[in-house]
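In the text below, chain A, chain B and the rest are named by the order of the sequence lines, each starting its count at 1.
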Amino acid sequence: MCLFPGCHCHLSVTEAVHCSAPFWASDWLKAYPCEREILVSIWRKMSQENHYRVRFAPSPTGHVHLGSARTALYDYLIAKQTQGQFILRIEDTDRKRLVEGAEEELMNSMRWLGIDWDEGPDKGGPYGPYRQSERKEIYQKFAHELIEKDMAYYCFCSSERLSKVRQEKQKDKQLPHYDGFCRNLNKAEAEERVKNGEPHVIRFKSPKQGTTVVHDLLRGDIVFENANLDDFILVKSDGWALYHLAAIVDDYLMKVTHVIRGSEWLPTSPLHSLIWQAFGWKEPVWVHLSVFLKPSGKGKMSKREAADLSNDGYSIFIKDLEDLGYLPEAVINWVALMGWSYDDHTEFFTLDDLVEKFSLEKLNPSPAAINFSKLDYFNKQHIKVLDDTDLGGRIQPFFEKAGYNVTIKDMEAIAPLVRDRITTLDDSVEKCAFLFKNSITHAPESLAIEGKTSQETHRIGEGALNVINRVSDWTIAVLEEKLTDYMNQNELTPKEFFSFLREAISGQRATPPLFDCMQVLGKERTIQRVEESLKLI
RNA sequence: GCCCCCAUCGUCUAGGGGACCAGGACGCAGCCCUUUCAAGGCUAAAACGAGAGUUCGAAUCUCUCUGGGGGCACCA
């Protein structure tokens, strides 16, 4: 039944909201609740005609970093929003660069972020296999089709000759491109040489005149002079297809409608466009995302700088962010807003919010510097909205990793104490470990009350111990009441007295609120710690 | 060197000819609150890269320059 006052239509809200309504639709819904049935039927129709099929196609050569995570996120969002499919495809045609375990870590990082795929190497799907290493013959077949059409050719040049050509061209300040030595070889002759087992590659026959126009969703038409295009290699001498061929054949066969990728692909996009055209296929929508710059805004993150980052407790790798105590919700929120915005003030988004509100049109094409202090901020924001059980469950592994034997009950008890005080989950250990230690130590001079002699301090401590001993109802409110009374009787300020007690029970200057800590610590251990402290005075 | 992309506070951004002496957020500084640490509230400082043009009017459109970035492999 409708939730809008005065509206008598019969659609449920979830039905309306989950019908892949575009981001503006929810506003319409608010404005015209009675028109909902009509609106919903329009959205249904639109989304049925417009299921986006998108793919995330990483090569398993290392950790998943922020840039890939963002691409995958946008892919996921647009697929969910249009009730389309998000495809995970592994681009592992370069057998030399494979990294053991990278594919598994990649999937784990994606799952941790909550970005799940509909089709992929582990799940299968109607257009598999989804690992390029299992599709070698497919690329061969399509490469030969291009040779048939005279849009590609065999090239027998050795890499030695190639690098010589390149050097000479560079010396003459020319484009360091292939000189076309094999471009016009007699086809029958070339076939013969291939049959005889002569090493060869297959090159694309790029046009030499005219221009190629690539339409990018964010940048409009981009014009390239064909004279600047190289005869790119499509198939290597080992028979494996290169990205340029493999990705395009796969995108076509997998019916990909939108290609979202980094702007480092912009320079080769005319080549890709030409290959689509050579086959006579209709190109997908091209969306080239801006690159991420290092925090200073000066250039892309280098390997060296990525390593240096970890000294500051940051990282551009998803796996590290998890270990550092960041929430996937925060990483998603943060990364989504690097290059995309919803309006001029909304910044807090859950994954579901993003599915509803994301739109490719609002993407920003300019490069963005990575800002880790904003990640810290988002992490705090997302920690704030976690309930005790959730937060407790998330901090438990960090206590265990630090060697504390804690239960989920312990963690739920301290969840409210750390919620507003931690930036990353592992901060909770530093803040609250004293509650779980068997014994604590004090710096000798720290157990003092300013302006009091040690005899006086000891007397005040004894008195406090008596008060604590007499507390039968061990709650925050009672502790506060009794101890505040005692403080007033002794004409002490809160600062003087509570700092002393804080030090006595924790061995620290700064802790979560005193009475909360005592409450979690329990009566017995509180008394024990105060007694031990008194011995030191 | 050549090709391509980009250009609003330190950073992420809103803005798409008049509503802009430019709005929000992070960070920074100050104040309030306060038993510590936080959290929260309030306030401040902080930007349209430069020059031409179009226009009654330009952050917004055009051009040039400058700056920044990306790419030029039998990597992806």
Worksheet item: Between A:Ser373 and A:Pro494, which has a closest nucleotide on RNA chain B that is more 5'?
Response: A:Ser373
Worksheet entry | side-chain hydrogen bond (donor to acceptor under 3.5 Å, both in side chains) involving A:Ser269 - partner list, sequence neighbours excluded | none
Practice prompt. Grab the CG-P distance between A:Asp516 and B:U36 for me, whole Å please.
Written response: 14 Å
Worksheet item: Are A:Phe142 and A:Leu253 side-chain neighbours, meaning at least one heavy-atom pair lies under 4.5 Å?
Response: yes
Discussion item. Taking pairing as Watson-Crick or G-U wobble with both contacts under 3.5 Å, can you name the mate of B:U64, or confirm there isn't one?
Written reply: B:A50
Worksheet item: Taking side chain as C-beta onward, heavy atoms only, is A:Cys517 less than 4.5 Å from A:Ser506?
Response: no
Worksheet item: Going 5' to 3' along nucleotides 37-47 of chain B, which nucleotides have protein heavy atoms under 4.0 Å from the base (write B), which only from the sugar-phosphate (write S), and which from neither (write -)?
Response: BBSS-------
Practice prompt. Give a yes/no on whether any side-chain N or O of A:Asn364 is located under 4.0 angstrom from OP1 or OP2 of B:C6.
Written response: no
Discussion item. Just to verify, which of A:Val223, A:Asn226, A:Ile222 counts as forming a side-chain contact (heavy atoms from CB on, under 4.5 Å) with A:Thr212?
Written reply: A:Asn226
Response to the item:
Whole-Å distance, A:Met518 CE to B:U36 P, equals 17 Å
Worksheet entry | Strand contacts (RNA chain B) in residues 197-212 of chain A, 4.0 angstrom heavy-atom criterion | A:Val201
Fill in: Protein-to-nucleotide contact annotation, 5' to 3' order, nucleotides 19-24 of chain B [B base; S sugar-phosphate only; - none; under 4.0 Å, heavy atom]
----BB
Worksheet item: Between B:A76 atom C1' and A:Asp251 atom CG, what is the distance in whole Å?
Response: 13 Å
Worksheet item: Excluding sequence neighbours, so at least two apart, what forms ring-ring contact (aromatic ring centres under 6.0 Å, His included) with A:His65?
Response: none
Practice prompt. Would you please indicate if the ring centroids of A:Trp117 and A:Phe56 are separated by under 6.0 Å?
Written response: no
Discussion item. Do A:Val256 and A:Val259 make a side-chain contact, defined as non-hydrogen atoms from C-beta onward lying under 4.5 Å apart?
Written reply: yes
Discussion item. Both A:Arg70 and A:Thr93 contact RNA chain B. Which one's nearest nucleotide lies toward the 5' end?
Written reply: A:Arg70
Item to complete: Specify the separation, in whole Å, of atom CG of A:Leu271 and atom C1' of B:A76.
Response: 14 Å
Worksheet item: Residues in side chain to side chain contact (heavy atoms under 4.5 Å, CB included) with A:Pro267, at least two apart?
Response: none
Worksheet item: Are the aromatic ring centres of A:Phe349 and A:Trp334 under 6.0 angstrom apart?
Response: no
Discussion item. For residues 507-521 of chain A, which residue pairs pass the side-chain hydrogen bond (donor to acceptor under 3.5 Å, both in side chains) check, not counting sequence neighbours?
Written reply: A:Arg502-A:Thr511
Worksheet item: Of the residues in residues 213-226 of chain A, which ones touch RNA chain B at a heavy-atom distance under 4.0 Å?
Response: A:Arg219, A:Ile222, A:Val223, A:Phe224
Worksheet entry | Length of the NE2-P vector between A:His442 and B:U36, whole Å | 20 Å
Practice prompt. For B:A22 and B:G16, measure between their C1' atoms and round to the nearest Å.
Written response: 14 Å
Worksheet item: Out of curiosity, A:Met110 CE to A:Leu88 CG, how far, rounded to the nearest 0.5 Å?
Response: 5.0 Å
Item to complete: Indicate whether OP1 or OP2 belonging to B:A14 is found under 4.0 Å from a side-chain N or O atom of A:Ser341.
Response: yes
Fill in: Euclidean distance, atom CD of residue A:Gln174 to atom C1' of B:C3 [Å, nearest integer]
15 Å
Worksheet item: Do A:Glu198 and A:Tyr154 come within less than 4.5 Å of each other through their side chains, counting heavy atoms only?
Response: no
Practice prompt. Would you give a per-nucleotide map of nucleotides 66-73 of chain B, 5' to 3', where B means the base has a protein non-hydrogen atom under 4.0 Å away, S means only the sugar-phosphate does, and - means neither?
Written response: ---SBSSS
Practice prompt. Name the pairing partner of B:C72, where a pair is Watson-Crick or G-U wobble with both distances under 3.5 Å, or state none.
Written response: B:G1
Worksheet item: What residues, two or more places apart in sequence or in another chain, satisfy side chain to side chain contact (heavy atoms under 4.5 Å, CB included) together with A:Asp312?
Response: A:Tyr314
Worksheet item: Is there a donor in the side chain of A:Glu168 and an acceptor in the side chain of A:Gln174, or the other way round, less than 3.5 Å apart?
Response: no
Item to complete: Kindly state each residue pair satisfying side-chain hydrogen bond (donor to acceptor under 3.5 Å, both in side chains) with at least one member in residues 231-251 of chain A, sequence neighbours excluded.
Response: A:Arg55-A:Asp251, A:Arg89-A:Asp251, A:Gln132-A:Asp250, A:Arg135-A:Asp250, A:Tyr139-A:Asp250, A:Tyr153-A:Asp231, A:Arg183-A:Asp231, A:Tyr243-A:Arg261, A:His244-A:His272
Item to complete: Output all residues satisfying side chain to side chain contact (heavy atoms under 4.5 Å, CB included) with A:Ala413, sequence neighbours left out; order by chain, then residue number.
Response: A:Val520
Worksheet item: Which nucleotide, in any strand shown, forms a Watson-Crick or G-U wobble pair with B:A25, with both distances under 3.5 Å?
Response: B:U11
Item to complete: Look at the side-chain N and O atoms of A:Tyr377 and state whether any lies under 4.0 Å from the OP1 or OP2 oxygen of B:C26.
Response: yes
Worksheet item: Checking all strands, does A:Cys432 fall into the base, sugar-phosphate, or nothing category for heavy-atom contacts under 4.0 angstrom?
Response: nothing
Worksheet item: Between B:C74, B:U35, B:A14, which nucleotide gets closest to the side-chain atoms of A:Phe498?
Response: B:U35
Practice prompt. Whole angstrom is fine here: how far is it from CG in A:Asn333 over to P in B:C26?
Written response: 13 Å
